[in-house]
S.K.: 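Sharing a structure, written as structure tokens. Questions coming.
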Number of protein chains: 2
Amino acid sequence: MALSSASIANNSNNDFYADHEKLYVATDCIVFGFDEGDLKLLIFKRRVEPDSGIWSLIGSFVQLDEDVNDAARRVLKEITGLDEIFLEQSKAYGKTDRDPGYRCLSVAHYALIRIDDYDKELVESHGAYWYTLKDLPKLALDHDQMVADALSKLRRKARHQPIGFELLPEKFTIPQLQQLYEGIYQRELDPRNFRKKVLSLKVLVKLDEKDKSGSKRGAFLYRFDFEKYQELLESGYNFEI
Amino acid sequence: MALSSASIANNSNNDFYADHEKLYVATDCIVFGFDEGDLKLLIFKRRVEPDSGIWSLIGSFVQLDEDVNDAARRVLKEITGLDEIFLEQSKAYGKTDRDPGYRCLSVAHYALIRIDDYDKELVESHGAYWYTLKDLPKLALDHDQMVADALSKLRRKARHQPIGFELLPEKFTIPQLQQLYEGIYQRELDPRNFRKKVLSLKVLVKLDEKDKSGSKRGAFLYRFDFEKYQELLESGYNFEI
DNA sequence: ACAAAAGTGTTCATTCTACACCCATGG
DNA sequence: CCATGGGTGTAGAATGAACACTTTTGT
């Protein structure tokens with residue numbers, strides 16, 4: 001049992017803090033994806049007590065020899081099969097009564113996933129599903145609050161940095177990008193003004209291909225120019241959308 | 001020793017997670033104050049190993065029966081004597097090697113203090129001092145990073161909500177407010193434009209008194225109108241400065 | 001030929017920026 | 001009477017919001 005190793009460590013010579021109390025530390029991931037014009041969230045049926053069987057964020061305990069950040073990446077890899085995805089800390093949840101299972105602090109992270117990238121079978125094998133934000137069921141523990149907080153962070157962040165691109169496939173059309181932002185902000189945007197604004201950022205490269213899935217006429221595909229983006233960032237550019 | 005109570009709890013019936021590992025959880029506070037036209041930080045000489053004697057943020061371990069947020073408030077009360085001050089979570093620091101003392105996660109909080117309010121004797125009795133941001137010495141552990149992160153959060157927040165007022169005495173002049181914002185953003189602002197902007201927010205109440213400490217002519221004092229502020233917030237007003 | 005989405009420009013209102021001088025007072 | 005910081009207004013630039021019609025093409 002891991003307990004014994006923790007106890008040993010707790011008494012070992014290099015523990016300067018042995019007269020203090022320890023807590024369980026977990027991480028929960030708010031995983032955003034974008035598909036069929038909707039912003040979605042990956043949730044699954046919790047398999048441990050308490051609240052077993054309730055819809056829940058994906059998460060895990062943080063191990064003694066593991067960075068909190070790495071724990072979140074481990075969870076994401078386990079469930080989606082994906083490495084190297086956009087992952088950022090949202091907030092720590094530290095109320096004493098937040099988890100009836102035992103005193104447990106959770107450091108929430110939010111992730112942005114290209115919904116065509118992930119390993120569908122792996123996800124399903126974990127009992128996980130993509131839910132549209134609007135249709136989200138009640139979640140376990142304080143996970144509803146975590147989602148609300150992460151969403152508001154995503155909105156703020158999306159307004160100042162072009163992170164929306166993390167949620168789209170490599171090639172995407174302007175109307176798709178607009179739908180994504182409409183999903184994030186939950187309101188409609190004017191197509192002319194939106195196009196003007198994103199093109200004025202000068203970080204989109206127009207391709208010669210068209211995507212005809214959305215219309216008969218087809219819409220030109222673009223890709224995100226990361227190099228240009230880096231350059232502009234370093235020269236202090238403001239990406240507000 | 002607290003260790004024994006933790007061990008008992010760890011094995012008790014209502015611990016669903018007993019086969020996982022626990023960590024020390026601490027909180028560190030980035031305490032901002034404003035005085036003599038400068039943005040300052042409250043730091044003290046660390047009194048526990050490792051890094052004893054090094055300048056450090058004020059902090060404490062989080063107890064088993066204590067909200068993380070409350071732990072930060074407790075620390076602030078202990079050192080400044082102040083209750084009910086602006087306190088907000090900054091970020092959790094979870095690297096395995098961040099604290100050579102033992103694996104310890106820290107949830108950093110930043111606080112804004114009216115520098116004429118705090119209990120000077122109490123602060124000094126804890127070996128704490130106010131340092132101007134520019135003159136800050138190297139701090140213990142990852143506390144330099146914590147300060148940098150908190151400062152950037154303070155900047156972002158100050159731009160969208162009038163939290164600057166938390167750092168000033170109840171009555172303040174517009175030039176004082178401007179100095180404060182110049183301290184936060186670390187750049188000079190145009191006095192005419194600044195005055196225009198803050199007055200346009202309609203949350204300042206001009207008083208009949210003047211403050212003559214800054215000039216012979218004296219500058220009118222203002223106070224912050226919290227009720228008006230609440231009203232405007234609820235009606236979806238944007239306080240960008 | 002028509003339905004359905006893609007694409008394009010202009011005008012007006014608002015906000016931001018830059019900038020220079022007079023005022024009131026204590027010493 | 002003068003040095004010091006407090007206080008005021010305006011014009012030009014940039015940005016944001018509102019708004020309607022033409023294009024393409026598969027059916």
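Residue numbering restarts at 1 for every chain, and letters A, B, ... go by the order of the sequence lines. Reckoned from all heavy atoms, side chains included, excluding hydrogens, waters and symmetry mates.
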S.K.: Atom OG1 in B:T80, atom CD1 in B:I113: separation rounded to 0.5 Å?
M.R.: 4.5 Å
S.K.: Rounded to whole Å, please give me the gap between CG in A:L189 and P in D:dA18.
M.R.: 11 Å
S.K.: What pairs of residues pass the salt bridge (Lys or Arg N to Asp or Glu O under 4.0 Å) test when at least one of them lies in residues 175-199 of chain B, not counting sequence neighbours?
M.R.: B:D190-B:R192
S.K.: Return the value, rounded to whole Å, for the distance between atom CG of B:N193 and atom P of D:dA13.
M.R.: 16 Å
S.K.: Let me know the distance between CD of A:E188 and C1' of D:dA18, rounded to the nearest Å.
M.R.: 15 Å
S.K.: Using the test salt bridge (charged side-chain N to carboxylate O under 4.0 Å, His left out), find all partners of B:K206 that sit at least two apart in sequence or belong to another chain.
M.R.: none
S.K.: Does the salt bridge (charged side-chain N to carboxylate O under 4.0 Å, His left out) test come out yes or no for B:E88 and B:K157, once each step is laid out?
M.R.: CA-CA 11 Å; B:E88 193 154 296; B:K157 183 124 188 150; 3.1 Å; yes
S.K.: Expressed as a whole number of angstroms, how long is the span from A:R192:CZ to D:dG16:P?
M.R.: 17 Å
S.K.: A side-chain contact here means heavy atoms from C-beta on lying under 4.5 Å apart; do B:E36 and B:I115 qualify?
M.R.: no
S.K.: State yes or no: are the ring centers of B:F220 and B:Y222 separated by less than 6.0 Å?
M.R.: no
S.K.: Is it true that A:F165 and A:F172 have ring centroids separated by less than 6.0 Å?
M.R.: yes
S.K.: I'd like to know if the side chain of A:D149 pairs up with that of A:S90 as donor and acceptor (distance under 3.5 Å, no hydrogens or angles considered).
M.R.: no
S.K.: State, to the nearest 10°, the angle formed by the axis through the first five base pairs of the helix from C:dA1-D:dT27 to C:dG27-D:dC1 and the axis through its last five.
M.R.: 0°
S.K.: Measure the OG1-CD1 distance between B:T27 and B:I58 for me, rounded to the nearest 0.5 Å.
M.R.: 9.0 Å
S.K.: Can you list, in residue-number order, the parts of residues 157-175 of chain B that come under 4.0 Å of DNA chain D, counting heavy atoms only?
M.R.: B:P175
S.K.: Hey, would you say the A:F224 and A:F226 ring centroids sit under 6.0 Å apart?
M.R.: yes
S.K.: How about NZ on B:K120, more than 12 heavy atoms from neighbouring residues, nucleotides or ligands closer than 6.0 Å, or not?
M.R.: yes
S.K.: Could you tell me whether A:K171 atom NZ has more than 12 heavy atoms of other residues or ligands within 6.0 Å of it?
M.R.: no
S.K.: To the nearest Å, give me how far apart CG (A:D190) and P (D:dC21) are.
M.R.: 15 Å
S.K.: Rounded off to whole Å, could you give me the CZ-to-C1' distance for the A:F239 and D:dT15 pair?
M.R.: 17 Å
S.K.: Check every nucleotide of DNA chain C for an atom under 4.0 Å from a heavy-atom of chain A, then give the first and the last such nucleotide from 5' to 3'.
M.R.: C:dA5 to C:dT10
S.K.: Should the pair B:K95 and B:Y93 be classed as cation-pi, given the thresholds of under 6.0 Å to the six-membered ring centre and 45° from the axis?
M.R.: no
S.K.: Let's see if you get this right: which residues in residues 195-221 of chain B place a heavy atom under 4.0 Å from DNA chain D?
M.R.: B:R195, B:K196, B:G214, B:S215, B:R217, B:G218, B:A219, B:F220
